[in-house]
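Right, one structure below, let's go through it.
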Amino acid sequence: MTNTDTEALNKAALQLFTQYGLSLWEAAMLIRHLYRNLPGKGSKLARAEKCIQLGKQELARQEKTVTFATAVQETLEAKRNKRQRTLVEIKYICNRLMGRCPKLAQRRVRSIRPEECRAWIETAFSTPRQQYKARLIMSGVFTIACRRGWCSTNPASSKALDIPPPVEHPVSILSISEVERLKATAQRLYGGSCCAALGLMLYAGIRPAEVTRLTWDTIDLDEDVITLHPIHTKTGGPRHVSILPILRQWLLPCKPPQQKHNSHPICPANWTTKWKHIRNIAGWGLGGLPWVQDVLRHTFASYHLKRFHNLSELQYEMGHNQPHLLRKRYLNMAGLTNQAAKRFWGESSSPSFT
């Protein structure tokens, strides 16, 4: 190659560097960084080109991302088969976060840091329980984003963001006299049409929302078992719940005619209004005692453990995967006596409250 050819190539190289905004020095440093410790064998130029292509692909992957608002919509779509209540909760938490923190909606999920998540959560929610729930839902959004390749880490995970669960206070349960009063009121009002639902919540621990989805074909009084299918349960998992003798006695008068048995709902028409009225007449609400949403489920669990002393069996009946939730949030054994537990399950010589 002649000097003229070399000069022409050097001139062309300088023009190429200038085209990409590089000085000769910067171009030389890039080549130095690229060639230094270049792995593999064979032509360095070929390996350098391969390294550049792989690097471009990885950079594109790392820079691929979406806004937090888009990640929320993707999360709702991914969880579309979950219960409506779950979807509503996700929407509420995320909409409140984005409403109270306007910049969050358009932030790219790959750039969000744990300290920002904490600040947004504390701005949007004031109580420890709300903040803990918000962290869980944000973590779920980032989990979906990670799976889609929109971010590489979860800034709202329990490891990245330490927001402890709220301190659980003792749950409320009904006394024997309160149970008697509630049952007597249910028997007296609406022709006793609300008694079956009350019995399932009180003596089988079925959740209030679950009982509204049950029909009489889920109750087998021959086998003494209630079958909750995935469409009935809060968690989407099936379970069997035992019908103990007192519940069997309570349900028998409520059973509808055979021709309506398969499709007849447990709860009567206008159940919500009727159930609230029964509670009011029995002394809860309207200036009386406050009604706790899951008090019947808590009552069932506490009296069951006191009488039968079997946490594993109770865990199965309640549909819990782990016993720690049962211990922390569903039981109140304070002042609960063996005699009271026997009366609750109809095993004492005291006058029956059925």
For the [atom1] atom of [X] and the [atom2] atom of [Y], what is their distance to the nearest 0.5 Å?
| X | Y | atom1 | atom2 | value |
| --- | --- | --- | --- | --- |
| Asp217 | Thr227 | CG | OG1 | 9.0 Å |
| Leu136 | Ser158 | CG | OG | 9.0 Å |
| Glu122 | Gln131 | CD | CD | 5.5 Å |
| Ser302 | Leu174 | OG | CG | 10.0 Å |
| Arg118 | Arg135 | CZ | CZ | 10.0 Å |
| Ile281 | Arg181 | CD1 | CZ | 12.0 Å |

Salt bridge between [X] and [Y], side-chain N to carboxylate O under 4.0 Å?
| X | Y | value |
| --- | --- | --- |
| Glu77 | Arg80 | yes |
| Glu180 | Arg343 | yes |
| Arg239 | Glu210 | yes |

For this session: Check step by step if side-chain contact (heavy atoms from CB on, under 4.5 Å) holds for Thr215 and His264.
Result: CA-CA 5 Å; Thr215 51; His264 198 70; over 6 Å; no

Check whether [X] reaches the backbone of [Y] with its side chain - one donor and one acceptor, N or O, closer than 3.5 Å.
| X | Y | answer |
| --- | --- | --- |
| Glu317 | Ser242 | yes |
| Asn154 | Phe142 | no |
| Arg110 | Thr153 | no |
| Lys82 | Leu87 | no |
| Thr299 | Val295 | yes |

Can you tell if the side chain of [X] reaches within under 4.5 Å of the side chain of [Y], non-hydrogen atoms only?
| X | Y | value |
| --- | --- | --- |
| Leu228 | Thr218 | no |
| Ile219 | Ile266 | yes |
| Met318 | His304 | no |
| Ile226 | Asp220 | no |
| Leu200 | Leu251 | yes |
| Met201 | Phe300 | no |
| Gln293 | Pro208 | yes |
| Cys194 | Trp271 | yes |

For the residue pair [X] and [Y], categorise the inter-ring angle as parallel (less than 30°), tilted (30 to 60°) or perpendicular (more than 60°).
| X | Y | answer |
| --- | --- | --- |
| Trp291 | Trp275 | perpendicular |
| Tyr303 | Phe344 | parallel |
| Trp345 | Tyr203 | tilted |

Exercise. Under the side-chain contact (heavy atoms from CB on, under 4.5 Å) criterion, do Cys94 and Ile90 qualify, and how do the steps go?
Worked result: CA-CA 6 Å; Cys94 293; Ile90 294 172; 4.2 Å; yes

Could you pull out all residues at least two apart from [X] that satisfy salt bridge (Lys or Arg N to Asp or Glu O under 4.0 Å)?
| X | answer |
| --- | --- |
| Glu313 | none |
| Glu223 | none |
| Arg248 | Asp224 |

Hydrophobic clusters here meaning ILVMFWY residues chained together by side-chain heavy-atom distances under 4.5 Å, can you tell me if [X] and [Y] are in one?
| X | Y | result |
| --- | --- | --- |
| Phe308 | Leu247 | yes |
| Leu104 | Tyr92 | yes |
| Ile144 | Val88 | no |
| Val211 | Leu221 | yes |

Exercise. side-chain contact (heavy atoms from CB on, under 4.5 Å) between His277 and Tyr190: does it pass, once the steps are laid out?
Worked result: CA-CA 10 Å; His277 185 224; Tyr190 305 114; 2.7 Å; yes

Exercise. What residue pairs, at least two apart or across chains, pass ring-ring contact (aromatic ring centres under 6.0 Å, His included) with a residue in residues 103-141?
Worked result: none

Non-hydrogen atoms of [X] and [Y] that approach each other most closely:
| X | Y | value |
| --- | --- | --- |
| Ala134 | Ile93 | CA-CG2, 3.8 Å |
| Leu289 | Glu178 | CD1-OE2, 3.6 Å |
| Met138 | Cys117 | CE-SG, 3.8 Å |
| Cys254 | Cys195 | SG-CB, 3.8 Å |
| Ala145 | Val109 | CB-CG2, 4.3 Å |
| Lys306 | Asn338 | CE-OD1, 3.4 Å |

Problem set entry | Over-ring placement of Arg108 relative to Trp150, 6.0 Å and 45° cut-offs | no

Seminar exercise, completed: In short, salt bridge (Lys or Arg N to Asp or Glu O under 4.0 Å) pairs touching residues 266-284 with sequence neighbours left out are none

Problem set entry | Residues Thr67 and Thr70: side-chain donor-acceptor under 3.5 angstrom | yes

For this session: Would you check if there is a donor-acceptor pair between the side chains of Ser111 and Arg107 at a distance under 3.5 Å?
Result: yes

For this session: Test side-chain contact (heavy atoms from CB on, under 4.5 Å) on Thr75 and Thr143 and set out the steps.
Result: CA-CA 9 Å; Thr75 299; Thr143 295; over 6 Å; no

Problem set entry | Non-neighbouring partners of Thr127 that pass side chain to side chain contact (heavy atoms under 4.5 Å, CB included), sequence neighbours left out | Arg129, Gln130

